Amino acid sequence: MATQTLPHQPLHDLDEWDDFLEGRYKEGKSEEEFRVYDATATPGVAEFYRQNHENMTVDYVLAKEAEYFSLNKGQKTIWEAAEFLNTLVDDSDPDTDLTQIEHLLQTSEAMRRDNQPRWMILTGFIHDLGKCLCLYGEPQWGVVGDTFPVGCAWSNDIVFPEYFAKNPDRLVPRYQTKYGIYEPNCGIENVHMSFGHDGYIAEVMKPYLRDESLYMLRFHSFYPWHKHGAYDHLCTEKDRSMLEWVLKFNQYDLYSKGHTKPNLAELKPYYDDLFAEFLPPTLAW
Ligand SMILES: [Fe+2]
Ligand SMILES: [Fe+2]
C-alpha cells in the first residue's frame with residue numbers, strides 16, 4: 001500500500017511522542033524528575049509542543065470539531081481503519097519498529113492477558129485509530145500530544161507551559177480566567193479539549209461504547225488531569241469516578257510496548273468476534 005509522510009514535522013514519527021511520554025512517566029519518577037524534559041534534552045519534542053501550544057486556540061478547535069466530528073470521511077470497518085493507519089510509516093529502522101497495528105495489538109493483548117473486560121480489550125485495540133488524522137493532512141501538533149481544555153486558563157501541569165506565551169488566546173481575557181467559557185463543575189465531557197486523535201476516535205465510537213470506554217478514548221492523552229490532578233474544578237462526580245478507568249487504561253498504553261511482534265493472522269479471529277460483539281460491520285469516520 002502507498003505510504004505518506006508529511007514534510008516539516010518536528011517529530012521523526014508519531015511514536016517519538018509516545019516514547020517521550022513513556023520516559024516522562026516512567027514508574028516511580030517524581031514530579032521534579034518530569035521537569036528534566038526540556039528543550040535541550042528533547043529538541044524535536046519541544047518544537048512539537050511549541051507548535052501545539054502556539055496554535056491550539058479556541059477557534060482552531062471549534063473549526064476542527066466542525067470538520068471532523070460530523071464524521072464525513074466515509075465508512076470503514078475497524079480492520080480497514082487499522083490498515084489505513086498502517087500506511088503511516090516512519091523512516092526509522094523497520095526491523096525494530098512496530099507497525100501501528102502491532103502497537104494496538106500489544107496494548108489490547110496485554111489487557112487480554114490480565115483478563116480485563118472484553119469492552120476494554122476492544123478499547124485498547126481502537127484507542128489510537130484516530131491518528132489517521134495525519135493521513136488526512138493534519139499536522140503532528142494537531143494529532144498527538146498531551147491534551148488540555150481550551151477556552152480557560154492553561155494549567156501549569158501541561159508540559160512546556162511556557163510555549164503558551166505566544167498563543168493568541170492569551171490576548172482574550174475571558175479565556176484566561178480559571179473557568180473561562182465554562183461553568184464550575186460543568187463536566188469535562190462538555191469541555192472543548194485541544195484537538196487530536198483522542199477526541200476524534202471517541203466521536204467515531206460514541207454511539208456504540210459505554211462511558212468507561214469513551215472516557216478512555218477521549219481523555220487518554222489528558223495527562224494534566226489523569227496524572228497531575230489538574231482541572232478538577234471542571235469535573236463532576238461522574239468524571240471523578242471515570243478517572244480510575246482512564247488510569248487503568250493508561251498503564252497499558254504507556255507500558256505494554258515490547259519487542260515481540262503480535263501474530264496478526266493468529267489473533268484475527270478473536271478480534272473479528274470482539275468487533276462484531278460491540279460494533280456494526282462498518283462505521284462512519
Ligand atoms: Fe493515543
Ligand atoms: Fe497509544
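Because the structure is a prediction, the values reported are computed rather than measured. We count ligands from 1, going down the list as the structure has it; atoms in each ligand are counted the same way.
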Classify the angle between the aromatic ring planes of [X] and [Y] as parallel (below 30°), tilted (30 to 60°) or perpendicular (above 60°).
{"X": "Trp141", "Y": "Tyr60", "answer": "tilted"}
{"X": "Trp17", "Y": "Phe48", "answer": "tilted"}
{"X": "Phe125", "Y": "Trp79", "answer": "perpendicular"}

Which N, O or S atom name in Asp128 marks its closest approach to the Fe ion (ligand 1)?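 It is OD1, the N, O or S atom of Asp128 closest to the Fe ion (ligand 1).
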
In degrees, rounded to 10 degrees, what angle do His220 atom NE2 and His197 atom NE2 make at the Fe ion (ligand 1)?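 Vertex the Fe ion (ligand 1), arms to NE2 of His220 and NE2 of His197: 90°.
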
Any N/O/S atom, side chain or main chain, of His127 closer to the Fe ion (ligand 1) than 2.8 Å?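 It does not: His127 brings no N, O or S atom closer than 2.8 Å to the Fe ion (ligand 1).
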
Do the ring centers of Tyr68 and Tyr200 come within less than 6.0 Å of each other?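 Yes: the rings meet the under 6.0 Å criterion.
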
Do you know which N/O/S atom name in Asp253 is closest to the Fe ion (ligand 2)?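 For Asp253, the N, O or S atom at the smallest distance from the Fe ion (ligand 2) is OD1.
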
